[in-house]
Amino acid sequence: AIQIDAALILDTKRRQYAAEELVQELGRRYPPNQRPHPIILGLTERDIFGPKTNFVFSWQAPQAGLGVLSTHRFVAGLDDFYEPAVIGTRRVGLQLLSTTGSLLGFTRPTQPDCPLAYPNDLYEFLLKSTKLCDSEIEQRDRLLKTKGGSTQPFGDRKNDEIGRLYQKYYFE
């Protein structure tokens with residue numbers, strides 16, 4: 001976890017973080033030649049916005065390998081009978097798929113239920129599936145063929161853990 005001075009990124013009138021400022025601050029803190037990974041993705045609990053938007057779920061600078069994701073709209077207003085920790089985590093996980101796909105340069109699908117499709121609001125976001133669509137699978141596989149290393153089976157223990165998490169958070 002890192003702390004960023006709110007004065008650098010908070011729009012006091014909107015009471016939201018400026019997503020572009022957050023991405024720029026990540027770039028200052030993690031210059032490309034000093035990063036442990038080519039992609040850095042920050043998470044914040046505060047609502048964020050981008051230029052000419054009321055809010056965004058996430059903001060990316062793919063050419064810089066930087067992004068930020070807000071958890072705010074995914075958990076705000078979830079009543080206890082909805083299992084807020086489970087549903088909130090599922091929503092954030094789904095947005096992580098979309099944000100990461102964007103950072104990797106994937107083309108967004110036009111089918112609204114695909115995880116990487118662009119939603120205009122929370123209602124459209126809630127229509128998304130966690131299962132990758134064919135175009136997303138093709139892009140993933142192409143990326144893995146060009147940049148992936150040697151493959152090794154996960155093994156039973158890791159497969160069981162992945163299965164448990166998929167079941168707990170309702171992933172397909």
Side-chain angles (χ1 to χ4, degrees), residues 1-109 112-132 136 140 162 165-166 168-172:
I2 63 169
Q3 297 295 317
I4 298 175
D5 183 3
L8 298 172
I9 54 176
L10 180 65
D11 183 309
T12 55
K13 289 181 184 172
R14 295 174 68 137
R15 296 179 34 204
Q16 294 172 294
Y17 286 155
E20 185 63 35
E21 300 299 324
L22 272 168
V23 167
Q24 289 176 12
E25 184 60 26
L26 285 175
R28 283 189 283 278
R29 290 179 184 230
Y30 300 101
N33 60 347
Q34 298 175 14
R35 289 185 196 163
H37 303 284
I39 292 178
I40 302 288
L41 178 58
L43 297 174
T44 181
E45 293 176 347
R46 180 149 332 227
D47 204 17
I48 62 176
F49 72 96
K52 300 179 183 178
T53 67
N54 291 326
F55 73 92
V56 290
F57 297 125
S58 65
W59 194 260
Q60 306 87 37
Q63 68 286 356
L66 299 168
V68 63
L69 184 152
S70 168
T71 63
H72 176 76
R73 298 206 178 232
F74 300 125
V75 297
L78 274 177
D79 293 318
D80 286 342
F81 60 85
Y82 284 120
E83 295 182 278
V86 171
I87 299 302
T89 301
R90 181 188 188 281
R91 291 176 177 179
V92 170
L94 183 54
Q95 185 60 35
L96 283 168
L97 286 173
S98 179
T99 303
T100 303
S102 180
L103 284 169
L104 292 170
F106 287 17
T107 302
R108 287 192 182 273
D113 62 327
C114 293
L116 276 61
Y118 184 84
N120 289 306
D121 55 30
L122 184 60
Y123 175 76
E124 283 185 14
F125 175 86
L126 296 176
L127 297 176
K128 288 183 172 194
S129 168
T130 58
K131 185 176 180 184
L132 295 178
E136 296 163 331
R140 178 205 60 198
I162 291 168
L165 292 173
Y166 267 56
K168 180 176 182 175
Y169 297 111
Y170 306 102
F171 270 67
E172 299 172 67

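For clarity, every value in this text was computed on a predicted model and none was experimentally measured.
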* Give the C-alpha distance, both sets of side-chain angles, the deciding distance and a yes or no for side-chain contact (heavy atoms from CB on, under 4.5 Å) between R28 and L8. => CA-CA 12 Å; R28 283 189 283 278; L8 298 172; 5.6 Å; no
* For D5, does the CG atom sit with more than 12 other heavy atoms under 6.0 Å from it, leaving out its own atoms? -> yes
[X] side chain near [Y] side chain, heavy-atom distance below 4.5 Å:
X: L165; Y: I162; result: no
X: R35; Y: L26; result: no
X: L94; Y: F125; result: yes
X: E83; Y: Y170; result: yes
X: L22; Y: I4; result: yes

So which heavy atom on [X] is nearest to which on [Y], and how close?
X: Y169; Y: V86; result: CD2-O, 3.5 Å
X: L103; Y: G65; result: CD2-C, 4.1 Å
X: F171; Y: G93; result: CZ-C, 3.8 Å

* Residue list, side-chain contact (heavy atoms from CB on, under 4.5 Å) with E20, at least two apart or on another chain -> Q24, W59
* Asked: Listed by chain and number, what are the side-chain contact (heavy atoms from CB on, under 4.5 Å) partners of D113, not counting sequence neighbours?
  -> Q111
Roughly how far, to the nearest 0.5 Å, is [atom2] of [Y] from [atom1] of [X]?
X: L132; Y: E172; atom1: CG; atom2: CD; value: 10.0 Å
X: L96; Y: L41; atom1: CG; atom2: CG; value: 6.0 Å
X: R29; Y: I2; atom1: CZ; atom2: CD1; value: 4.5 Å
X: K168; Y: T89; atom1: NZ; atom2: OG1; value: 7.5 Å
X: I48; Y: F55; atom1: CD1; atom2: CZ; value: 10.0 Å
X: K128; Y: Q95; atom1: NZ; atom2: CD; value: 5.5 Å

* Just by distance, do the side chain of S102 and the backbone of S98 share a donor-acceptor pair under 3.5 Å? -> no
* **Polar side-chain atom of T53 near backbone of F49 as donor-acceptor pair, under 3.5 Å** => no
* Structure fact -> E21 meets the salt bridge (Lys or Arg N to Asp or Glu O under 4.0 Å) criterion, sequence neighbours left out, with none
* salt bridge (Lys or Arg N to Asp or Glu O under 4.0 Å) against R140, all qualifying residues, sequence neighbours excluded -> none
* Asked: Taking it one step at a time, do R91 and L126 satisfy side-chain contact (heavy atoms from CB on, under 4.5 Å)?
  -> CA-CA 8 Å; R91 291 176 177 179; L126 296 176; 3.5 Å; yes
* **Worked verdict on T100 versus I39 for side-chain contact (heavy atoms from CB on, under 4.5 Å)** => CA-CA 9 Å; T100 303; I39 292 178; 5.5 Å; no
Indicate every side-chain donor-acceptor pair of residues 115-123 with a distance under 3.5 Å to a residue at least two apart or in another chain.
unit_1: N120; atom_1: ND2; unit_2: E124; atom_2: OE1; d: 3.4
unit_1: D121; atom_1: OD1; unit_2: Y123; atom_2: N; d: 3.2
unit_1: D121; atom_1: OD1; unit_2: E124; atom_2: N; d: 2.8

* To do: Can you run down the side-chain hydrogen bond (donor to acceptor under 3.5 Å, both in side chains) pairs that involve residues 37-47, sequence neighbours left out, and say none if there aren't any?
  => Q16-D47, D47-R73
